[in-house]
Amino acid sequence: MMIVSRLLYAALCLVLAAIVLVSGSGAILALLAALLLLPLALLAVDLCGRKHVSASFRCPVNAKKGESFCMTLRVENASRLPIAAAVCRIRVTNLLTGASETLTRAAAIAPRGSSEIEVHLSSTCSGRVRAELISLRLCDCFRLICVRCDAQAHGAVTVQPDTFPMLVSVRTEISCPDESEVYSQEKPGYDLAEPFQLRDYRDGDSLRQIHWKLSTKYERLISRDPSLPVMRSVLLFWDRRTDAVSKEKQDAQAETLVSLGRALLAMDVQFCVCWNEADERIVMQTVRELDDLIALLPRLLSATALQNGPFGAELYCQMAQERDFAHIVYLGESAPALLGQMTQGGLVTALVCANEEPAAPEDAVVRCFRPDNAAEALMELEI
């Protein structure tokens, strides 16, 4: 666009100069002089007005994969002078996959007015899509001379991952330290090893729930409600390290993590979500209900996968005081040999997004899936 404007300006000047040479018209000569002085006059206007220009983004909170959404950049001019053209360069980045593109938009702004620039986008992958104003230049109408403005702005929208149904069962025969299980005092769950309460038998109760000793003593059937392990019993660990950058793999891992989290919450299983970030820091958040998981998505989907540095599992193993989960689900693109070191007596289940089945460490269960078959490969899962 800038090249076209400059070519148009040059063509106008040449045409007017040719007319002046042929006809000698004073009016055309005056018009040519005004055209030559116009960029200099607008440069003075831009130099005076650039300190009074500000910008801000207005973005939707969430968006769906594959559907269009709009991020609006509002540029305000608080000065008494008009701005012929505000040229904005906007970088749009999916923080999860690392995909990035740069867009250029322009708008004229009236004195003490504003202009809204709509940026229509869509993403085929889930993630946190961030728009950042990387430069704003004030130009004349022909884009010959530009003045840089210090205005800054950024905004973000969460492109929600698609989820799929998962039938999850949590093993209870894990030999782990007693302190690794904390049971709910408010609601029953699925762990018969620790009764939640004793009550009279009701139709539909499993035979496993019947407390035979007490039933014999009181001469009526008495059932045990199983307890609900909460807090530190289940950990979902997402290793944000990749050997080969693949948007599809990152997207599939995000969908798998969220789908698994929703399946656990549907079973009233509380859990922790853990991942590693670019500064080799481990982040851990407790999820007690669906609102917690939804609120966590913007930060979780901002964790870009790294190609260099240690595996997240290695960083986690350095947190010896945290390795007391009974059930760990490891999600990544490979199965590191130290998976078993992530827990002290618990079970590690590795969900590996890869095209070929990786070698399974001795002390972990490995399930492999591809980006295009995650829903089928992980339809039923035991952790």
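In this chain, residues are counted from 1 in sequence order. Side-chain atoms are counted along with the backbone in the values below, which use heavy atoms only and exclude waters and symmetry mates. Just so it is clear, the model here is predicted, and its values are computed rather than measured.
- The CD atom of Q270 lies 6.0 Å from the CZ atom of R288; values are rounded to the nearest 0.5 Å.
- Partners of E248 by salt bridge (charged side-chain N to carboxylate O under 4.0 Å, His left out), not counting sequence neighbours: none found.
- Here the side chains of I109 and V75 are in contact, with some heavy-atom distance below 4.5 Å.
- The residues E132 and R130 are annotated as salt-bridged, a charged nitrogen and a carboxylate oxygen being separated by less than 4.0 angstrom.
- Residues Y201 and R220 are not in side-chain contact: their nearest non-hydrogen atoms beyond the backbone lie 4.5 Å or more apart.
- Annotation: side chain to side chain donor-acceptor pair (under 3.5 Å) contacts of S79 (sequence neighbours excluded): N77.
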Using residues 147-165 as the side-chain source, report each donor-acceptor pair under 3.5 Å to any protein atom, sequence neighbours left out, with the distance given to one decimal.
from	atom 1	to	atom 2	distance (Å)
T158	OG1	R128	NH1	2.6
Q160	NE2	N62	OD1	2.8

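- Panel note: side chain S334, backbone P336; no donor-acceptor pair is recorded below 3.5 Å.
- R112 pairs by the salt bridge (charged side-chain N to carboxylate O under 4.0 Å, His left out) definition with nothing, not counting sequence neighbours.
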Give the table of side-chain donor-acceptor pairs shorter than 3.5 Å for residues 16-39, with sequence neighbours excluded, one pair per line with atom names and distance.
from	atom 1	to	atom 2	distance (Å)
S23	OG	I19	O	2.7
S23	OG	S25	N	3.3
S25	OG	A27	N	3.4
S25	OG	I28	N	3.3

### Task
Evaluate side-chain hydrogen bond (donor to acceptor under 3.5 Å, both in side chains) for Q250 paired with E255, printing each intermediate quantity in order.
CA-CA 9 Å; Q250 304 304 315; E255 292 184 352; over 6 Å; no
### Task
Tell me, with the steps shown, if F369 and T256 meet side chain to side chain contact (heavy atoms under 4.5 Å, CB included).
CA-CA 10 Å; F369 67 96; T256 300; 3.7 Å; yes
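- Using a 4.5 Å cut-off on side-chain heavy atoms (C-beta onward), L265 and R262 make no contact.
- Within the 4.5 Å cutoff, side-chain heavy atoms of C274 are placed close to those of Y316.
- Taking R89 as the reference, nothing meets the salt bridge (charged side-chain N to carboxylate O under 4.0 Å, His left out) condition, with sequence neighbours excluded.
- Through direct or indirect side-chain contacts shorter than 4.5 Å among Ile, Leu, Val, Met, Phe, Trp and Tyr, L95 is connected to no other residue.
- Side chains of R299 and Q285 form a contact here, defined as non-hydrogen atoms less than 4.5 Å apart.
- Linking ILVMFWY residues whenever their side-chain heavy atoms come closer than 4.5 Å, directly or via other members, leaves L338 and V365 in distinct clusters.
- L297 contributes atom CG, which lies 11.0 Å from atom CG of D292 (distance to the nearest 0.5 angstrom).
- L315 approaches P310 most closely through the heavy-atom pair CD2-CG, 3.7 Å.
- Salt bridge status for D372 with R370: present, with a side-chain N to carboxylate O gap under 4.0 Å.
- Between L103 and V92, the shortest heavy-atom distance links the atoms CD1-CG2, 4.1 Å.
- Within the 3.5 Å criterion, the main-chain N or O of A303 finds a donor-acceptor partner in the side chain of R240.
- Atom CZ of R367 sits about 9.5 Å away from atom CD of E382, to the nearest 0.5 Å.
- Residues L306 and W238 fall into different hydrophobic clusters, defined by Ile, Leu, Val, Met, Phe, Trp and Tyr side chains chained together at heavy-atom separations under 4.5 Å.
- Taken together through direct or relayed side-chain contacts under 4.5 Å among Ile, Leu, Val, Met, Phe, Trp and Tyr, L133 and V87 form parts of separate hydrophobic clusters.
- Considering only heavy atoms from C-beta on, H327 comes within 4.5 Å of V170 through its side chain.
- Minimum heavy-atom separation, A84 to D140: CB-C, 4.1 Å.
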### Task
Kindly determine whether I90 and V119 satisfy side chain to side chain contact (heavy atoms under 4.5 Å, CB included), including the steps that lead there.
CA-CA 9 Å; I90 304 167; V119 181; 3.8 Å; yes
### Task
Check the pair L214, L198 against side chain to side chain contact (heavy atoms under 4.5 Å, CB included), reporting the backbone distance first and the verdict last.
CA-CA 10 Å; L214 289 179; L198 298 175; 3.5 Å; yes
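- Partners of S126 under the side chain to side chain donor-acceptor pair (under 3.5 Å) rule, at least two apart in sequence or in another chain, are D251.
- Annotation: side chain to side chain donor-acceptor pair (under 3.5 Å) contacts of N276 (sequence neighbours excluded): none.
- Side chains of R74 and E76 form a contact here, defined as non-hydrogen atoms less than 4.5 Å apart.
- By the criterion of side-chain heavy atoms lying less than 4.5 angstrom apart, applied directly or through intervening Ile, Leu, Val, Met, Phe, Trp or Tyr residues, V129 is not grouped with I294; the two fall into different hydrophobic clusters.
- In this structure, the side chain to side chain donor-acceptor pair (under 3.5 Å) partners of E277, at least two apart in sequence or on a different chain, are W275, R281.
- Minimum interatomic distance between S123 and C125 (heavy atoms only, all atoms of both residues): OG-O, 2.6 Å.
- The shortest heavy-atom contact between G312 and F237 is O-CZ, 3.2 Å.
- With sequence neighbours excluded, the residues that form a side chain to side chain contact (heavy atoms under 4.5 Å, CB included) with T72 are R58, C70, E116, E118.
- Once rounded to the nearest 0.5 Å, the distance linking SG of C48 with CG of L138 reads 11.5 Å.
- For the atom pair CD1 of I83 and NE2 of H52, the computed distance is 10.0 Å after rounding to the nearest 0.5 Å.
- In the hydrophobic clustering of this structure, F57 groups with F69; members are Ile, Leu, Val, Met, Phe, Trp, Tyr whose side-chain heavy atoms approach within less than 4.5 Å, directly or through other members.
- A 4.5 Å side-chain heavy-atom check between T349 and I328 finds every atom pair outside the cut-off.
- One finds a salt bridge joining D205 and R199 here, because a Lys/Arg side-chain nitrogen approaches an Asp/Glu carboxylate oxygen to under 4.0 Å.
- Going from atom SG of C146 over to atom CG of L136 covers 10.5 Å, rounded to the nearest 0.5 Å.
- For G127 against N94, the heavy-atom pair with the smallest separation is CA-OD1, 3.6 Å.
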### Query
When you look at L236 and Y330, which way does the side chain to side chain contact (heavy atoms under 4.5 Å, CB included) test go after all the steps?
CA-CA 6 Å; L236 307 185; Y330 173 89; over 6 Å; no
Considering only distance and modelled atom types, tabulate donor-acceptor pairs under 3.5 Å from the side chains of residues 374-381, sequence neighbours left out.
none

